Amino acid sequence: MVAYWLMKSELDVYPWSQLVEDGWTHWDGVRNYQARNMMRDELKEGDYVLFYHSNCKPPHIAGVAIVSREGYPDFTSWDSHSTYYDAKCTTENPRWFMVDIEPVLTFDKIVTLPELRDSEELEDMALLRRGQRLSVQKVDLKHLEVILRMAGHTLEDIS
DNA sequence: GCCAACGTTGGC
DNA sequence: GCCAACGTTGGC
């Protein structure tokens, strides 16, 4: 069963264009237990990921990626030179997890947060809930389809 | 730059 | 285990 997700990245930290250039990336640096649990236990190889740019004007979804490797320990957590270093982590005792993703589809047209908010069909989407800060969120298929349509695509473009 | 929302920390 | 203080996220 393929599932769908949304991941947030700050535009000036790791943009979609960088993922396209890199070809893949490990989604490191998530230091939130809820998001950790999802990446460790729920995100599966072949799941699709909406790539959301936060901290920019306007915030928007830029494309779709796919999970290419399931949850494994985030090695930046025990790297004392990393900004994501967590002194409580060791290789024997990992605390944080990440997945690998690859770009699948660059949107013809980015879908902005105001556009998402304007859509009645997306009313109950997690991202649009007040105070929603989770950097990894589950997305319903019906919502994914609406967003793909807004971006000028269909489900066929990612399968 | 402001501030609401919410997660984490640490004293008790 | 409670909860006040503090830090972070992220839209506006």
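Note on naming: letters A, B, ... go to the chains in the order of the sequence lines (proteins, then strands), and numbering restarts at 1 for each one. None of the values given here were measured: they were computed from a predicted structure.
- Across the interface with DNA chain B, nearest-nucleotide mapping of A:Lys88 and A:Gly131 shows A:Gly131 to be the residue nearer the 5′ end.
- Between A:Tyr33 atom OH and B:dC6 atom C1' there is a gap of 16 Å when expressed in whole angstrom units.
- Every residue meeting the salt bridge (charged side-chain N to carboxylate O under 4.0 Å, His left out) condition with A:Arg31, not counting sequence neighbours, appears here in chain and number order: A:Asp74.
- Here A:Leu144 pairs with A:Tyr4, A:Leu50, A:Val139, A:Leu141, A:Leu148, A:Leu155, A:Ile158 under the side chain to side chain contact (heavy atoms under 4.5 Å, CB included) rule; sequence neighbours left out.
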Show me the donor-acceptor pairs, under 3.5 Å and distance only, between side chains in residues 12-21 of chain A and residues at least two apart or in other chains.
residue, atom, partner, partner atom, Å
A:Tyr14, OH, A:Asp22, OD2, 2.6
A:Trp16, NE1, A:Thr106, OG1, 3.0
A:Gln18, NE2, A:Asp22, OD1, 3.0

Quick test: give all pairs of protein nitrogen or oxygen and nucleotides 7-12 of chain C nitrogen or oxygen below 3.5 Å, distance rounded to 0.1 Å.
residue, atom, partner, partner atom, Å
C:dT8, O2, A:Arg133, NH1, 2.5
C:dG10, OP1, A:Lys8, NZ, 3.0
C:dG10, OP1, A:Arg133, O, 3.0
C:dG11, OP1, A:Tyr52, OH, 2.6
C:dG11, OP2, A:Asn55, N, 3.2
C:dC12, OP1, A:Arg117, NE, 3.4

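- Annotation: side chain to side chain contact (heavy atoms under 4.5 Å, CB included) contacts of A:Lys88 (sequence neighbours excluded): A:Asp86, A:Arg95.
- With sequence neighbours left out, A:Ala3 forms a side chain to side chain contact (heavy atoms under 4.5 Å, CB included) with A:Trp5, A:Asp47, A:Lys138.
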